[in-house]
Amino acid sequence: MAVQLPNYQITQLPNNLASPRLPAEITGYYKALVSRWGPQNWWPARSRFEVIVGAYLTQNTNWSNVEKALLNLRRVRLLSVSAMRNVPLAELEILVRPSGYFRQKARNLKTFIAFLDQQYSGSLNRMFAQPTEKLRAELLALNGVGPETADSILLYAGNHPVFVVDAYTRRVLLRHGIISEKTSYEEIRSLIEHAVSSAEAGSLNMRKTGSDPRHASSPMSSASRGELAQHYNELHALIVRLGNHYCRKTAKCEGCPLQPFLKSPQATTAQGA
Ligand code: SF4
(Lines give C-alpha, C1' and ligand atoms only; values in the text may rest on other atoms or scores of the structure.)
Protein backbone atom coordinates (compact mmCIF):
# COMPACT_ATOMS: atom_id res chain seq x y z
CA MET A 1 0.00 0.00 0.00
CA ALA A 2 1.21 3.49 -0.82
CA VAL A 3 -0.85 5.22 1.84
CA GLN A 4 -2.67 4.53 5.09
CA LEU A 5 -6.28 3.44 4.86
CA PRO A 6 -8.96 5.79 6.19
CA ASN A 7 -9.81 5.24 9.83
CA TYR A 8 -13.42 4.38 9.13
CA GLN A 9 -15.29 1.68 7.30
CA ILE A 10 -15.56 2.03 3.54
CA THR A 11 -19.08 1.53 2.23
CA GLN A 12 -19.69 -1.85 0.62
CA LEU A 13 -19.73 -1.27 -3.12
CA PRO A 14 -22.38 -2.75 -5.40
CA ASN A 15 -21.07 -5.43 -7.79
CA ASN A 16 -20.73 -3.14 -10.80
CA LEU A 17 -18.50 -0.76 -8.82
CA ALA A 18 -16.48 -3.56 -7.24
CA SER A 19 -14.98 -4.46 -10.63
CA PRO A 20 -11.23 -5.13 -10.28
CA ARG A 21 -10.48 -2.83 -13.26
CA LEU A 22 -11.96 0.30 -11.70
CA PRO A 23 -9.23 1.22 -9.19
CA ALA A 24 -6.65 1.33 -12.00
CA GLU A 25 -9.05 3.32 -14.18
CA ILE A 26 -9.61 5.92 -11.42
CA THR A 27 -5.92 6.26 -10.59
CA GLY A 28 -5.28 6.51 -14.34
CA TYR A 29 -7.54 9.58 -14.43
CA TYR A 30 -5.66 11.04 -11.49
CA LYS A 31 -2.28 10.54 -13.14
CA ALA A 32 -3.50 12.05 -16.40
CA LEU A 33 -4.87 15.12 -14.62
CA VAL A 34 -1.74 15.65 -12.54
CA SER A 35 0.34 15.20 -15.63
CA ARG A 36 -1.62 17.99 -17.38
CA TRP A 37 -2.07 20.53 -14.60
CA GLY A 38 -0.09 19.50 -11.54
CA PRO A 39 -1.02 20.55 -7.98
CA GLN A 40 -3.90 23.05 -7.83
CA ASN A 41 -3.25 24.64 -4.41
CA TRP A 42 -6.69 24.01 -2.98
CA TRP A 43 -8.17 25.20 -0.62
CA PRO A 44 -7.24 28.87 -1.17
CA ALA A 45 -7.54 30.17 2.42
CA ARG A 46 -5.50 31.60 5.25
CA SER A 47 -7.07 29.59 8.07
CA ARG A 48 -9.16 26.52 8.86
CA PHE A 49 -12.09 28.74 9.74
CA GLU A 50 -11.92 30.48 6.38
CA VAL A 51 -12.13 27.07 4.70
CA ILE A 52 -15.22 26.23 6.76
CA VAL A 53 -16.90 29.53 5.87
CA GLY A 54 -15.98 29.00 2.20
CA ALA A 55 -17.41 25.46 2.27
CA TYR A 56 -20.77 26.85 3.40
CA LEU A 57 -20.74 29.78 1.00
CA THR A 58 -19.83 27.75 -2.08
CA GLN A 59 -23.10 25.84 -1.98
CA ASN A 60 -25.12 26.49 -5.14
CA THR A 61 -22.82 29.17 -6.50
CA ASN A 62 -19.51 29.59 -8.25
CA TRP A 63 -16.22 30.35 -6.54
CA SER A 64 -15.94 33.93 -7.78
CA ASN A 65 -19.12 34.81 -5.84
CA VAL A 66 -17.68 33.12 -2.76
CA GLU A 67 -14.53 35.21 -3.11
CA LYS A 68 -16.60 38.41 -3.07
CA ALA A 69 -18.36 37.37 0.13
CA LEU A 70 -15.06 36.29 1.73
CA LEU A 71 -13.54 39.64 0.80
CA ASN A 72 -16.42 41.41 2.58
CA LEU A 73 -15.89 39.26 5.67
CA ARG A 74 -12.12 39.78 5.64
CA ARG A 75 -12.49 43.53 5.26
CA VAL A 76 -14.43 43.76 8.54
CA ARG A 77 -12.28 41.08 10.24
CA LEU A 78 -15.04 38.52 10.55
CA LEU A 79 -13.05 35.46 9.49
CA SER A 80 -12.57 34.14 13.01
CA VAL A 81 -14.74 32.08 15.29
CA SER A 82 -15.00 34.81 17.93
CA ALA A 83 -15.85 37.56 15.43
CA MET A 84 -18.44 35.40 13.69
CA ARG A 85 -19.95 34.52 17.07
CA ASN A 86 -20.46 38.17 17.96
CA VAL A 87 -21.64 39.66 14.68
CA PRO A 88 -25.40 40.27 14.48
CA LEU A 89 -27.15 37.92 12.05
CA ALA A 90 -28.54 40.79 9.95
CA GLU A 91 -25.03 42.18 9.42
CA LEU A 92 -23.68 38.78 8.49
CA GLU A 93 -26.45 38.36 5.93
CA ILE A 94 -25.44 41.56 4.16
CA LEU A 95 -21.78 40.56 4.06
CA VAL A 96 -22.36 37.09 2.57
CA ARG A 97 -25.01 38.30 0.14
CA PRO A 98 -22.76 37.96 -2.98
CA SER A 99 -22.71 34.18 -2.49
CA GLY A 100 -26.51 33.87 -2.85
CA TYR A 101 -29.01 32.25 -0.46
CA PHE A 102 -27.51 34.71 1.98
CA ARG A 103 -30.13 34.47 4.76
CA GLN A 104 -29.86 30.70 4.85
CA LYS A 105 -26.06 30.72 4.67
CA ALA A 106 -25.71 33.33 7.41
CA ARG A 107 -28.04 31.34 9.65
CA ASN A 108 -26.16 28.11 8.93
CA LEU A 109 -22.83 29.73 9.80
CA LYS A 110 -24.29 30.84 13.12
CA THR A 111 -25.53 27.28 13.67
CA PHE A 112 -22.01 25.97 13.10
CA ILE A 113 -20.60 28.40 15.68
CA ALA A 114 -23.26 27.31 18.20
CA PHE A 115 -22.34 23.66 17.57
CA LEU A 116 -18.63 24.40 17.98
CA ASP A 117 -19.30 26.25 21.24
CA GLN A 118 -21.58 23.59 22.67
CA GLN A 119 -19.61 20.50 21.68
CA TYR A 120 -16.02 21.73 21.63
CA SER A 121 -15.95 24.93 23.71
CA GLY A 122 -15.37 26.93 20.54
CA SER A 123 -12.15 25.06 19.72
CA LEU A 124 -11.44 23.92 16.16
CA ASN A 125 -8.47 21.96 17.50
CA ARG A 126 -10.76 19.89 19.70
CA MET A 127 -13.29 19.46 16.97
CA PHE A 128 -10.80 18.26 14.37
CA ALA A 129 -9.14 15.92 16.90
CA GLN A 130 -12.27 13.74 16.77
CA PRO A 131 -12.29 10.49 14.78
CA THR A 132 -13.30 11.15 11.17
CA GLU A 133 -16.48 9.09 11.23
CA LYS A 134 -17.76 10.65 14.47
CA LEU A 135 -17.10 14.22 13.36
CA ARG A 136 -18.58 13.54 9.92
CA ALA A 137 -21.82 12.35 11.52
CA GLU A 138 -21.94 15.43 13.75
CA LEU A 139 -21.40 17.80 10.83
CA LEU A 140 -24.01 16.03 8.74
CA ALA A 141 -26.54 16.54 11.53
CA LEU A 142 -26.19 20.34 11.25
CA ASN A 143 -28.61 22.44 9.24
CA GLY A 144 -27.18 23.32 5.84
CA VAL A 145 -24.48 20.62 5.84
CA GLY A 146 -24.76 17.89 3.23
CA PRO A 147 -22.08 15.30 2.44
CA GLU A 148 -20.10 17.58 0.10
CA THR A 149 -19.90 20.39 2.66
CA ALA A 150 -19.08 18.02 5.52
CA ASP A 151 -16.33 16.34 3.52
CA SER A 152 -14.92 19.66 2.32
CA ILE A 153 -14.64 20.78 5.94
CA LEU A 154 -13.10 17.47 7.02
CA LEU A 155 -10.58 17.32 4.19
CA TYR A 156 -9.64 20.90 3.47
CA ALA A 157 -9.94 22.41 6.97
CA GLY A 158 -9.21 19.36 9.12
CA ASN A 159 -6.92 17.32 6.86
CA HIS A 160 -9.00 14.21 7.49
CA PRO A 161 -8.61 11.65 4.70
CA VAL A 162 -12.04 11.92 3.05
CA PHE A 163 -12.68 12.39 -0.66
CA VAL A 164 -15.10 15.19 -1.63
CA VAL A 165 -17.59 14.11 -4.28
CA ASP A 166 -19.05 16.99 -6.27
CA ALA A 167 -21.28 17.37 -9.32
CA TYR A 168 -18.23 17.26 -11.62
CA THR A 169 -17.05 13.94 -10.17
CA ARG A 170 -20.47 12.47 -10.76
CA ARG A 171 -20.65 13.87 -14.30
CA VAL A 172 -17.23 12.55 -15.33
CA LEU A 173 -17.84 9.07 -13.93
CA LEU A 174 -21.27 8.96 -15.51
CA ARG A 175 -19.98 9.99 -18.92
CA HIS A 176 -17.23 7.40 -18.71
CA GLY A 177 -19.78 4.69 -17.99
CA ILE A 178 -18.51 3.94 -14.49
CA ILE A 179 -21.56 4.91 -12.45
CA SER A 180 -25.27 5.24 -13.12
CA GLU A 181 -27.67 8.06 -12.29
CA LYS A 182 -28.65 6.07 -9.22
CA THR A 183 -25.17 5.67 -7.75
CA SER A 184 -25.13 7.34 -4.34
CA TYR A 185 -22.70 9.90 -2.95
CA GLU A 186 -21.34 7.33 -0.50
CA GLU A 187 -20.78 4.75 -3.22
CA ILE A 188 -18.83 7.22 -5.35
CA ARG A 189 -16.78 8.32 -2.36
CA SER A 190 -15.98 4.71 -1.48
CA LEU A 191 -15.08 3.89 -5.06
CA ILE A 192 -12.54 6.68 -5.26
CA GLU A 193 -11.19 6.24 -1.74
CA HIS A 194 -10.73 2.52 -2.39
CA ALA A 195 -8.92 3.19 -5.68
CA VAL A 196 -6.54 5.78 -4.25
CA SER A 197 -5.88 4.12 -0.91
CA SER A 198 -5.14 0.73 -2.46
CA ALA A 199 -2.79 2.02 -5.17
CA GLU A 200 0.55 0.28 -5.39
CA ALA A 201 3.39 1.79 -3.40
CA GLY A 202 4.92 4.70 -5.29
CA SER A 203 2.50 4.51 -8.20
CA LEU A 204 0.87 7.85 -7.35
CA ASN A 205 4.12 9.67 -6.72
CA MET A 206 4.32 11.12 -10.19
CA ARG A 207 7.56 12.60 -11.33
CA LYS A 208 6.14 14.13 -14.46
CA THR A 209 3.56 16.66 -13.31
CA GLY A 210 2.09 19.72 -14.91
CA SER A 211 2.59 23.13 -13.38
CA ASP A 212 -0.58 25.10 -13.88
CA PRO A 213 -2.19 25.71 -10.48
CA ARG A 214 -5.70 27.11 -10.20
CA HIS A 215 -4.73 29.21 -7.16
CA ALA A 216 -1.63 30.74 -5.66
CA SER A 217 -0.21 28.82 -2.73
CA SER A 218 -1.88 29.74 0.58
CA PRO A 219 -1.37 28.77 4.23
CA MET A 220 -4.13 26.16 3.97
CA SER A 221 -3.15 24.74 0.58
CA SER A 222 0.39 24.18 1.81
CA ALA A 223 -0.58 22.92 5.29
CA SER A 224 1.00 19.68 6.42
CA ARG A 225 -1.30 16.69 5.87
CA GLY A 226 -1.11 12.93 5.49
CA GLU A 227 -0.35 11.35 2.15
CA LEU A 228 -3.87 10.09 1.62
CA ALA A 229 -5.47 13.44 2.47
CA GLN A 230 -3.02 15.09 0.05
CA HIS A 231 -4.09 12.76 -2.77
CA TYR A 232 -7.79 13.38 -2.08
CA ASN A 233 -7.10 17.11 -1.95
CA GLU A 234 -5.37 17.11 -5.34
CA LEU A 235 -7.75 14.74 -7.07
CA HIS A 236 -10.84 16.72 -6.09
CA ALA A 237 -9.23 20.01 -7.10
CA LEU A 238 -8.19 18.54 -10.45
CA ILE A 239 -11.71 17.28 -11.11
CA VAL A 240 -13.04 20.79 -10.44
CA ARG A 241 -10.55 22.06 -13.01
CA LEU A 242 -11.65 19.37 -15.43
CA GLY A 243 -15.31 20.28 -14.94
CA ASN A 244 -14.61 23.98 -15.46
CA HIS A 245 -12.58 23.53 -18.62
CA TYR A 246 -13.71 20.40 -20.41
CA CYS A 247 -16.42 18.33 -18.76
CA ARG A 248 -19.00 21.11 -18.80
CA LYS A 249 -22.70 20.73 -19.35
CA THR A 250 -21.78 20.20 -22.99
CA ALA A 251 -18.64 18.10 -22.93
CA LYS A 252 -15.59 19.42 -24.73
CA CYS A 253 -13.69 16.16 -25.13
CA GLU A 254 -11.23 17.39 -27.75
CA GLY A 255 -7.97 17.99 -25.92
CA CYS A 256 -9.34 16.82 -22.55
CA PRO A 257 -6.76 14.93 -20.46
CA LEU A 258 -9.29 12.12 -19.97
CA GLN A 259 -10.15 11.72 -23.64
CA PRO A 260 -7.92 8.62 -24.00
CA PHE A 261 -10.11 6.91 -21.38
CA LEU A 262 -13.36 7.63 -23.17
CA LYS A 263 -14.81 4.44 -24.62
CA SER A 264 -18.09 5.76 -25.92
CA PRO A 265 -18.01 9.36 -27.22
CA GLN A 266 -21.81 9.40 -27.61
CA ALA A 267 -22.13 9.11 -23.83
CA THR A 268 -20.94 12.69 -23.40
CA THR A 269 -23.97 14.13 -25.07
CA ALA A 270 -26.48 11.64 -23.75
CA GLN A 271 -25.57 11.60 -20.07
CA GLY A 272 -24.44 13.71 -17.22
CA ALA A 273 -25.64 17.02 -18.55
S1 SF4 B 1 -14.84 16.21 -21.40
FE2 SF4 B 1 -15.12 14.24 -22.39
S3 SF4 B 1 -13.15 13.17 -22.19
FE4 SF4 B 1 -13.16 14.88 -20.73
S5 SF4 B 1 -13.89 14.01 -18.82
FE6 SF4 B 1 -15.68 14.83 -19.86
S7 SF4 B 1 -16.51 13.11 -21.03
FE8 SF4 B 1 -14.41 12.58 -20.44
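Ligands are counted one by one from 1 in listed order, and the atoms in each one are counted from 1 as well. The first residue of the sequence shown is numbered 1, and numbering continues consecutively from there.
- Residue contacts with ligand 1, taken as heavy atom pairs separated by less than 4.0 Å, involve H176 solely via side-chain atoms from C-beta onward.
- M220 has its side chain out of reach of E50: every pair of non-hydrogen atoms, C-beta onward, lies at least 4.5 Å apart.
- Applying the side-chain contact (heavy atoms from CB on, under 4.5 Å) criterion to P23, with sequence neighbours excluded, gives H194, A195.
- Heavy-atom proximity to Y246, at under 4.0 Å, picks out these atoms of ligand 1: 1 (S).
- Of all atoms in ligand 1, listed by their number and element, those nearer than 4.0 Å to a heavy atom of C253 are 1 (S), 2 (Fe), 3 (S), 7 (S).
- Inspection of the N125 and Y120 side chains reveals no N or O donor paired with an N or O acceptor under 3.5 Å.
- Taking backbone and side-chain atoms together, C256 has an N/O/S atom less than 2.8 Å away from atom 4 (Fe) of ligand 1.
- Using a 4.5 Å heavy-atom cutoff, the side chains of M127 and F115 are in contact.
- The shortest distance between side-chain heavy atoms of S221 and W43 does not fall below 4.5 Å.
- Of all atoms in ligand 1, numbered sequentially from 1 with element shown, those under 4.0 Å from a heavy atom of Q259 are 3 (S).
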